[in-house]
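These values consider heavy atoms only, across backbone and side chains, with no hydrogens, waters or symmetry-generated copies.
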Amino acid sequence: MDDTRGTTRNSPRKSTWNSSGDSPWPTVAALHAWLTEESPVPPDQQTLLRMLKLSEEVGEVAQAVIGATGQNPRKGVSHSWQDVQSELCDVIVTAMVALTALTADAGDVFDTHLAKVAERSLGPGRRRPGEA
């Protein structure tokens, strides 16, 4: 990884989930169930708090980017690009848990939305990864 730009010099690896065929959604469902069981607030408030948690996590991404680029003169370089990657993963997991809080079909909702984004962005004539 090039720490000055946050880019990988090697070709990208396949995701473990994609190469093995395993889905992250059972783990996400387990995290959602655990958070629900441990929460001291009513279910309707839990859902709202899950949405707000996304903003907190995105703020942590911003903090890590500022730290990785040394933009705070008082702190200097306080984070690495690996820290940024970790914080981005936290955003993804938090969003998946939030989506699970809204619908029992979170995986299907996500897959359908991703297909729409791919169609809109890549167009009908371009192959997507994994297509023959």
Side-chain angles (χ1 to χ4, degrees):
M1 169 155 298
D2 178 349
D3 267 357
T4 60
R5 295 180 38 198
T7 57
T8 302
R9 294 181 187 199
N10 300 327
S11 59
R13 283 187 297 146
K14 274 188 163 182
S15 166
T16 303
W17 290 327
N18 290 339
S19 63
S20 68
D22 292 341
S23 169
W25 293 104
T27 302
V28 171
L31 289 169
H32 177 263
W34 171 71
L35 288 167
T36 300
E37 290 169 13
E38 297 296 321
S39 179
V41 299
D44 58 332
Q45 289 180 14
Q46 289 178 36
T47 300
L48 294 174
L49 291 171
R50 295 233 184 357
M51 304 308 134
L52 291 175
K53 181 71 173 167
L54 275 168
S55 294
E56 178 190 358
E57 295 297 342
V58 169
E60 291 176 12
V61 171
Q63 182 180 9
V65 170
I66 289 168
T69 58
Q71 294 303 303
N72 183 333
R74 186 174 51 82
K75 294 181 179 179
V77 175
S78 59
H79 290 74
S80 68
W81 286 104
Q82 288 79 17
D83 293 328
V84 176
Q85 290 175 10
S86 178
E87 296 300 343
L88 284 169
C89 288
D90 286 348
V91 170
I92 293 166
V93 171
T94 301
M96 292 172 85
V97 170
L99 184 57
T100 300
L102 294 178
T103 176
D105 299 324
D108 291 337
V109 169
F110 180 79
D111 289 345
T112 299
H113 186 77
L114 182 59
K116 288 178 186 176
V117 170
E119 186 71 23
R120 181 177 66 237
S121 301
L122 300 175
R126 295 185 59 187
R127 284 191 195 172
R128 285 141 191 81
E131 287 183 347

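Considering every non-hydrogen atom in both A68 and V84, the closest pair reads CB-CG2, 4.2 Å. The shortest non-hydrogen separation linking T100 to A106 is OG1-CB, 3.7 Å. Among all heavy-atom pairs drawn from V97 and L31, the shortest one is CG2-CB, 4.2 Å. Between R50 and A101, the closest heavy-atom pair is CD-CB, 4.4 Å.
Cluster membership for W34 and L99, using ILVMFWY side-chain heavy atoms within less than 4.5 angstrom, is shared. At a threshold of 4.5 Å between side-chain heavy atoms, the hydrophobic network of Ile, Leu, Val, Met, Phe, Trp and Tyr places F110 and V117 in two separate groups. Cluster membership check: I92 shares its hydrophobic cluster with L114, using side-chain heavy-atom separations under 4.5 Å among Ile, Leu, Val, Met, Phe, Trp and Tyr. V58 and L49 fall into different hydrophobic clusters, where Ile, Leu, Val, Met, Phe, Trp and Tyr are joined by side-chain heavy atoms under 4.5 Å apart, directly or via other members. V109 and M51 fall into different hydrophobic clusters, where Ile, Leu, Val, Met, Phe, Trp and Tyr are joined by side-chain heavy atoms under 4.5 Å apart, directly or via other members.
Counting heavy atoms from C-beta outward, Q46 and L35 have side chains that stay 4.5 Å or more apart. E87 is not listed as a side-chain neighbour of Q63, based on a closest heavy-atom distance of 4.5 Å or more. Looking at heavy atoms from C-beta onward, I66 lies out of side-chain contact with K75 at the 4.5 angstrom threshold.
A salt bridge links E56 with K53: the closest approach of a Lys/Arg side-chain nitrogen to an acidic carboxylate oxygen falls below 4.0 angstrom.
Remark: side-chain polar atoms of D83 are paired, donor with acceptor, to backbone N or O of S80 under 3.5 angstrom. Side chain of T112 to main chain of D108: a donor-acceptor pair is present (N/O by atom type, distance under 3.5 Å, no hydrogens or angles). Formation of a donor-acceptor pair under 3.5 Å by the S121 side chain with backbone atoms of A118 is not found in this model.
To the nearest 0.5 Å, atoms OG (S78) and CD (Q71) are separated by 11.0 Å.
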